[in-house]
Amino acid sequence: MKAFLMAFGVGLVLAAASGAQAYHRFWAGCNYDAPTFMTTMTRDAGQDYSNAARYEGYQWGGGCWNYDDVDSYPYDAPGDASTHGEGGDCSGLTFKTWRESTDQWRDGRYYWRALRNVHGPYTAGGFKSGQGAPNHTVNKSTAGVMDAFASDTHIGMVFFRTLYGGDQIVEAKCEACGTNIFYRTYRSDPNYGGVGRWGWTG
Amino acid sequence: MRRPSFRSLVGGAAGIAAGVIAGIGLTSLSAASPPALGFHIGLEAGHVPPVLTLPGEPVRLRYAIVCRPRDDGEPCDGSGEVYVREGQGGSFQQLALTRDADSYAGRYFVDLPPSIAGSERGFSYYAVLRDDSTGATVTVPSGGAAAPQRSLPLRQMMGIDLGVHSFGQTQKPDARAVDAQWGSDVGQAGLAGSRELGFVGPSAFDVDAGGRVTLLDQVNRRVERWTRGRAEATPVAVSGGLADFVAEPDGTLDVLEPPDRLTSAPVLRSFRPDGSARWTQQLADRTWAKLDVGPEGPVVQQQPSEQWRPVAEHGLALGRAAQAVRGRTGRPLANGRDVVVERRGRAEIRIAEVAGNAVVRSWRIVGTTPLGEVQLVEPLGSRIVLVAKAYTEDRSEDVVVVLDRTGIAQSFSVDPHEWAEAAALARFRLAGSSLYQLGSAPSGAFVDRFDLEVER
């Protein structure tokens, strides 16, 4: 019994320090349920959805989070999708907020819940060029709530405009930044273009 | 050493197997948990106040009400009231918000009666917004009746039309005050990020009355001060995020940090001149735009209140409630007045210098080319210096306009030099009669100086 207990302890340590940690991290509790097809999609529902992803962290290539207000894996290596941590990346957050399909030719509205692990087919650069049936470019000066500004490396959505002319942007910016609302000046930045989602219903 | 028995070998192997299985199970359990909504996901708001109005201009107040996401994917079931009054004192009148069909600029709105919107004394107001599914409410601005939004009429403003902006005719600086290569040695500036993720350089800077430049080198967790071309570094315990920065006249160093992966709210960190920490104070609002120094200490322009709020007075930090009830529309100036700024529409900026509840002087600047963020509005003697961005879809330049009673006293354009990211509204400072600009390039960071014309 003594040998069993000692070995049991060794086994626990091994499990924590090995592949169990790498492959059974946050994504282990995410799901792959089908999205809910919807006939409506309002900008303020998009605000509700993206606002709730605040504090849930950032994961390169990710798109799964819960609503416990904590980034469960805040120190993942930047730019490494295999770390399977919590949170979306910039394009994953936008894809889910904009209720897009994983098929680029579909322009319908697909509601992905927070724990549904999906990133979508678009990079920031793809969004910037208006790639995919649901997306299009917009004039930067007219971009409003839940339109977005995208560069070749990043995309953030307009949460609300401001008095001094910048924008409150909801975005998953980097591992250290997490997901939150920040004051940005992407609107006037030549590296960024205006991007919109077809099909808002209000 | 005694040879292990067969029984102990089997027991040990079984123990390791059981331990690994239990470890995997525990790790999986600690992964994603059911989506229990967290503490912070409460009611949020968005609102841009019309702080400077023209005679006869109708006023529609618009709000976004942002709730916890509904499981059916539909928007928040919200409602609210605006408490508004003519002028800046007296009792408030309650007006219900109407729910619009569209939420492009905020779904909930109220049109102010002409008697209030057109009042010669302006008007003041606050809103109580509600999530009808939970009964939760939020007041905007959070100071409520004690520190409401204030709107003032522009009756005798100077009108200025910038017309179509001519790109490519920028002015060269008079001097390069700081030239720092990327690196971590003293005199260099830290660079973070990558080509794939974008680069971040020094996020803010300040200049004292003697023209000494202090750079917030947050990547290297320090500030660097240049005196006659020689740099001196002072370590400061900052997070490394894109922060704003001011150096107060007594040498206090204030660093305004954004939320990050571990800290859910923005904080102002105050350091002594030697870099030792004095205090850290959370802001009243969730988002900040700009840090400055008022007559009594650091002040921050914040959202959703869209107010300037003090974070400390005479060196002592103020709690969040104390900040909220001291919120004001304009940035407090050393002369006791406020400067009020509103960028509205596609290409319009309104500016007023305010004494108490009276507009002393004001300008309305319009253009044909879109005008972006207002980087700086600062008095220079009897003049006002404005720096704002003119932009198209693929170009931008900073426009410097020196305003006086006759209109434009001086105007020129500046290349933005934004190769690496910095804090959004921290790229310009005015010291004496010189304008300083923080810039960056693939080789390093720099601060350029533009000498403005002085009154004779």
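Chain letters run A, B, ... following the sequence lines, proteins first, then strands; residues in each count from 1. All values reported here derive from a predicted model rather than from experimental measurement.
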Taking salt bridge (Lys or Arg N to Asp or Glu O under 4.0 Å) as the definition, give me every residue that meets it alongside B:Asp102, ordered by chain and number, with sequence neighbours left out.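 Salt bridge (Lys or Arg N to Asp or Glu O under 4.0 Å) check on B:Asp102 returns nothing, list empty.
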Rounded to the nearest 0.5 Å, how far apart are [atom1] of [X] and [atom2] of [Y]?
| X | Y | atom1 | atom2 | answer |
| --- | --- | --- | --- | --- |
| B:Glu373 | A:Asp167 | CD | CG | 9.0 Å |
| B:Arg343 | A:Arg161 | CZ | CZ | 5.0 Å |
| B:Leu425 | A:Thr162 | CG | OG1 | 7.5 Å |
| A:Gln168 | B:Glu306 | CD | CD | 6.5 Å |

Can we say B:Arg107 and A:Asp44 salt-bridge, meaning some charged N sits less than 4.0 Å from an Asp/Glu carboxylate O?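 Yes, this pair counts.
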Contact origin within [X] toward chain A - heavy atom pairs under 4.5 Å:
| X | answer |
| --- | --- |
| B:Leu242 | side chain |
| B:Asp100 | neither |
| B:Arg70 | backbone |
| B:Arg395 | backbone |
| B:Ala101 | backbone |
| B:Pro370 | side chain |
| B:Thr392 | backbone |
| B:Ala289 | both |

Nearest atoms (heavy-atom pairs only) where [X] meets [Y]:
| X | Y | result |
| --- | --- | --- |
| B:Ala45 | A:Phe159 | O-CE2, 4.4 Å |
| A:Ala45 | B:Gly73 | CB-O, 3.6 Å |
| A:Ser141 | B:Arg346 | OG-NE, 3.7 Å |

Pairwise side-chain contact, [X] with [Y], heavy-atom cut-off 4.5 Å (strictly under):
| X | Y | answer |
| --- | --- | --- |
| A:Thr153 | B:Arg195 | no |
| B:Tyr104 | A:Thr142 | yes |
| A:Tyr75 | B:Leu262 | yes |
| B:Gln303 | A:Phe160 | no |
| B:Glu44 | A:Arg54 | yes |

Need one label for [X]: side chain, backbone, both or neither, based on atoms under 4.5 Å from any heavy atom in chain B.
| X | value |
| --- | --- |
| A:Met38 | side chain |
| A:Trp60 | side chain |
| A:Tyr111 | side chain |
| A:Arg99 | side chain |

Just give me the residue among [options] that pairs up with chain A most often, heavy atom to heavy atom, under 4.5 Å.
| options | answer |
| --- | --- |
| B:Gly193, B:Gly198, B:Cys76 | B:Cys76 |
| B:Glu418, B:Gln301, B:Arg344 | B:Gln301 |
| B:Gly372, B:Pro258, B:Pro259, B:Ala388 | B:Pro259 |

Partner set under side-chain contact (heavy atoms from CB on, under 4.5 Å) for B:Val51, not counting sequence neighbours: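 In terms of side-chain contact (heavy atoms from CB on, under 4.5 Å), with neighbours along the sequence ignored, B:Val51 is linked to A:Leu163, B:Pro49, B:Thr329, B:Val340, B:Glu342.
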Going by ring-ring contact (aromatic ring centres under 6.0 Å, His included), name the residues that satisfy it together with A:His119, two or more places apart in sequence or in a different chain.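 Scan of A:His119 (ring-ring contact (aromatic ring centres under 6.0 Å, His included), adjacent residues dropped) gives none.
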Closest-packed option against chain B by number of heavy-atom pairs under 4.5 Å, given A:Gly79, A:Pro78, A:Gly202: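 Going by pairs under 4.5 Å, I would pick A:Gly202.
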Looking at chain B, which one of A:Gly193, A:Gly85, A:Pro190 has the largest number of heavy-atom pairs inside 4.5 Å, strictly under?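 Sorted descending by pairs with chain B, the first entry is A:Pro190.
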Sorted by number, residues from residues 171-189 of chain A in contact with chain B (heavy atoms, under 4.5 Å):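 Those residues of residues 171-189 of chain A which have a heavy atom under 4.5 Å from chain B are A:Lys173, A:Glu175, A:Ala176, A:Cys177, A:Gly178, A:Asn180, A:Ile181, A:Phe182, A:Tyr183, A:Arg184, A:Thr185, A:Tyr186, A:Arg187, A:Ser188.
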Taking [X] for the side chain and [Y] for the main chain, is one N or O donor matched with an acceptor at less than 3.5 Å?
| X | Y | value |
| --- | --- | --- |
| A:Arg113 | B:Asp71 | yes |
| B:Glu393 | A:Lys140 | yes |
| A:Asp48 | B:Pro75 | no |

